[in-house]
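Below: the structure, in structure tokens.
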Number of protein chains: 2
Amino acid sequence: MKTADPELMRAINRFHVMDAIRRFGPVSRVEITEFTALSPTTVSAITAALLDDRLIIPEHVGAVRDLGRGRPRVMLRLNPEAAHVVGVKLASDQITVAVANFCGEILHSLALPVRIDRQTATVIADLVEDGVRRCVSDAGLELSGVSGICVGLPGVVERAAGICRQSPVLQERDVPFGADLAARLGTPASIDSDVNLAALAEHWFGQARGLNDFLVVNVERSLGLGILHNGELFRGANGLSPDLGDFMLRAPGEGGGRLADVASETAVLADAEPFLKGVAGDVPARPDRAMAALIRRAEAGDGDCARVLARAGESLGFAIANLITLFAPPKVIVSGRAMTASDCFIHPLRAAVAASLPASLADVSDIVVREWSDRIWVQGAAAMTLRDLYGAPWGTTGPAPPARGIGAAQAGGSA
Amino acid sequence: MKTADPELMRAINRFHVMDAIRRFGPVSRVEITEFTALSPTTVSAITAALLDDRLIIPEHVGAVRDLGRGRPRVMLRLNPEAAHVVGVKLASDQITVAVANFCGEILHSLALPVRIDRQTATVIADLVEDGVRRCVSDAGLELSGVSGICVGLPGVVERAAGICRQSPVLQERDVPFGADLAARLGTPASIDSDVNLAALAEHWFGQARGLNDFLVVNVERSLGLGILHNGELFRGANGLSPDLGDFMLRAPGEGGGRLADVASETAVLADAEPFLKGVAGDVPARPDRAMAALIRRAEAGDGDCARVLARAGESLGFAIANLITLFAPPKVIVSGRAMTASDCFIHPLRAAVAASLPASLADVSDIVVREWSDRIWVQGAAAMTLRDLYGAPWGTTGPAPPARGIGAAQAGGSA
DNA sequence: AGATTTAGTTTGCATCTCGGACAAAAGCTG
DNA sequence: CAGCTTTTGTCCGAGATGCAAACTAAATCT
């Protein structure tokens, strides 16, 4: 822990002010005073410095009449132009790149439908580099005007070191993606687990605003786990992001079994392949269609197909129950593509959680399903970079904006 | 997060200084300057205040000649008399009470061999109250001279609220032990999970000094889990301590199964009872003897007995593997009574961990077995209370003392 | 037009840390 | 033994910060 000096003091309070402005949209100095419990003097001084640095801008228009009387409030908001960041999401079949402004609004995005899981890390880095350059240029910016880049990908990532230890989309291990991209693009670059980014995006912009503890479970070809604990992204001892796919379902003497081998899309499709013969074409080549067919048949009453999905849901529910026992989060967000939306998957999942939790934790966690667009990932990557720019001194992820007032409901989503 | 003002600044730095003094034994101001990276001026000012408050004392004796030349260093150390705290540990068959000084040294302790698991919470509180009064008085102190009391007990504890949600030693649920004891004794009282206290004691005084991440798994009649993560005791979202016994071993569709029903001493003895007929007397009444007999027979080659232990070890290993996947701690401390010391238990445990971990985490965690005396629990309770007295401003558990210099190897232990 | 009300700023003061000068206390040197 | 050297610890002034209170600004109310 850093020792305290006036500079740290200022950094902490400046962060609080920035955070309040980000969370509560256009906001006046008095309101910042209330939210942060800082004195008006301090708020005034800090906002003056932020205005001076052009990180925030005043909004003189007295659009909403506050309270009739008195001097009108000058609303302050983040300056969207204060910085630009790039978010990149690597999925097995697609690279998504987006440029966002200082408010986390996406200015331009770009999708490269490439099956990167059969490419080497170098090729992937080439593709990412090209994508970033193009996306930045299409957004009307220069690379030199970009303050940071964050790449999200599934697997085990050591963010601090900028190394991807292992990922389903990379053949190699211990890939130093962070340093590589930073060198290629001449811009600060970081990497993180994709689900961590999604969790951060939910915290900043999404459903989990204002919630300091929740889990995000993402089911795609691999299984991702993002944990927000005490307002912070939770990481293992070395800054490692945990991989839900590595969770074991049984003791080795009872057959063992990784969760990824049961509950991922890949595993489900492999299990279901015998029942899909003739219905869907070549299962491995067109997983989307195969999955759609599987769900259709299961929901239509096909017992074999339903059982495959139920087994996956139940296994995942079992793992989630153990996580709830550990973290006691008020909310668990299950996301993914088509599969997680199906009752044939979710019902067994919920049942398994309910059956596995001890009585004392039976009602603490609300499990919700949420389908994400590509947007969320890159938004998370942007938020991660912005977090650094805001200068959080002790590493706290800024909390989240509750919807408030007119025009504040721009980024929310429904379950 | 609290906003920063000069007071917080001072609190942070004072804590760093206190922490350095605690960790590095008698230490001079220059050394504190080195350890904390504070300026000599600041260290001087803070130590002067601490001396003024009698929290630390100077040691003028130039015992060890430092470097021949120059003004000799004035060594500073915690004042043992600065405060006294009481630690209490509730186990199913015993209450242990101890009085410790400001350095965490146990001045006096007292054991009440009572099977509290068949008593009501009120009776237990009576017993604890009597024990504390007696122990304090036997230590030659007044209750008014005690700065705080901490009670450790197995189960799910919500420390912040002072409530024990559920415990194997309490018949009731949601027992507000903290407030109750505070009212009875007129002294600040807190409660925590016993394993959390053990983890804290290991961190302050024991094997895990200097280690900021480790797990403690305690096997007794119930299964406890203590997690030290980033130098802090890890708690769930509401400040709940997790209970390892509530971990599930399989999905409900595959039979479910709580870990506590397989790997606790109680469960092992229940499983082994048929094989112990005639060898040990009445198993439930004399669990210690029955366990000893079980281990003896297992190690002598009795297949049935060995299998019971192996199953418990393997199940626990499975759970530990999943925890390692999540936390990636460099060390896992398995503790308990006789059972955990037996190879018939530990070997299957290690094997299960090795078989369950993904390759990327194969070597991160060192699993050690440690047998504890009652001492560790009350020491942890003392440390927990001292931590508050030290005034850690942002809630950090003070780190740990590396062995250094003469006579510094008093509290270590071997695996 | 003046009172009232609310927002934000300026002023004065206390606290903190820090760098550099300074005092203290020992050994070394001749 | 007196003076030099070395190391430790303290004092002083500068710089930065936050806060309370007085003050200015800008609107509505009467």
Side-chain angles (χ1 to χ4, degrees), chain A residues 1-17 20-21 24 26-52 56-76 391 393, chain B residues 1-17 20-21 24 26-52 56-76 391 393:
Chain A
M1 177 69 184
K2 197 183 166 326
T3 58
D5 55 15
E7 203 177 326
L8 176 71
M9 205 160 97
R10 183 59 152 215
I12 290 174
N13 288 339
R14 189 177 46 218
F15 174 77
H16 278 126
V17 171
I21 297 173
F24 304 109
V27 73
S28 70
R29 292 177 178 80
V30 251
E31 290 169 293
I32 297 174
T33 301
E34 290 163 17
F35 294 139
T36 60
L38 292 166
S39 75
T41 314
T42 305
V43 171
S44 217
I46 291 176
T47 52
L50 293 174
L51 283 165
D52 211 53
I56 60 175
I57 47 178
E59 205 174 49
H60 278 285
V61 51
V64 186
R65 275 315 310 134
D66 333 279
L67 288 136
R69 302 256 277 205
R71 174 177 175 175
R73 303 173 168 185
V74 175
M75 306 309 262
L76 302 171
Chain B
M1 177 69 183
K2 197 182 165 326
T3 57
D5 56 15
E7 203 177 326
L8 176 71
M9 206 159 97
R10 186 51 166 258
I12 291 174
N13 288 340
R14 188 176 46 218
F15 174 77
H16 278 127
V17 171
I21 297 174
F24 303 109
V27 73
S28 70
R29 291 176 178 80
V30 251
E31 290 170 294
I32 297 174
T33 302
E34 289 163 18
F35 294 139
T36 61
L38 292 166
S39 75
T41 315
T42 305
V43 172
S44 215
I46 291 176
T47 52
L50 294 173
L51 282 166
D52 210 54
I56 61 175
I57 47 179
E59 206 173 50
H60 277 285
V61 50
V64 186
R65 275 316 309 134
D66 332 279
L67 289 136
R69 302 257 274 205
R71 176 177 174 175
R73 303 174 167 185
V74 176
M75 305 309 262
L76 302 171

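Naming: A, B, ... by sequence-line order, numbering from 1 per chain.
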Looking at residues at least two apart in the chain, or sitting in another chain, which of them share a side-chain hydrogen bond (donor to acceptor under 3.5 Å, both in side chains) with Arg29(B)? Thr47(B)
All side-chain hydrogen bond (donor to acceptor under 3.5 Å, both in side chains) counterparts of Thr36(B), not counting sequence neighbours: none
Starting from C1' on dA7(C), measure out to CE on Met75(A) and report it in whole angstrom. 12 Å
Hey, could you give me the CZ/CD distance between Phe24(B) and Glu34(B), rounded to the nearest 0.5 Å? 10.5 Å
Taking side chain to side chain contact (heavy atoms under 4.5 Å, CB included) as the criterion, tell me which of Thr33(B), Ile12(B), Leu76(B), Leu50(B) meets it with Val17(B). Leu50(B)
Scan Val43(A) against the nucleic acid and name what it touches under 4.0 Å (heavy atoms): base, sugar-phosphate only, or nothing. nothing
Just the table, please: protein N/O against nucleotides 12-17 of chain D N/O, every pair under 3.5 Å.
none

Any donor-acceptor pair under 3.5 Å joining the side chain of Arg71(B) to the base of dT7(D)? no
So, for Pro26(A) and Glu59(A), which heavy atoms are closest and what is the spacing to 0.1 Å? CB-OE1, 3.6 Å
Check whether any side-chain nitrogen or oxygen of Arg73(A) sits under 4.0 Å from OP1 or OP2 of dA7(C), and answer yes or no. yes
Here the distance between atom P of dC16(C) and atom CD1 of Ile12(A), to the nearest Å, is 16 Å
With a 4.5 Å cut-off on side-chain heavy atoms, are Arg10(B) and Ile46(B) touching? yes
Gap between atoms CZ and C1', on Arg29(B) and dC18(C) respectively (whole Å): 18 Å
What nucleotide, of dC19(D), dG8(C), dG9(D), holds the atom closest to the side chain of Leu38(A)? dC19(D)
For the pair made of CG in Asp5(B) and C1' in dC19(D), what is the distance, rounded to whole Å? 9 Å
Taking for each residue the nucleotide of DNA chain C bearing the nearest heavy atom, is the 5' side occupied by Ala37(B) or by Ala45(A)? Ala45(A)
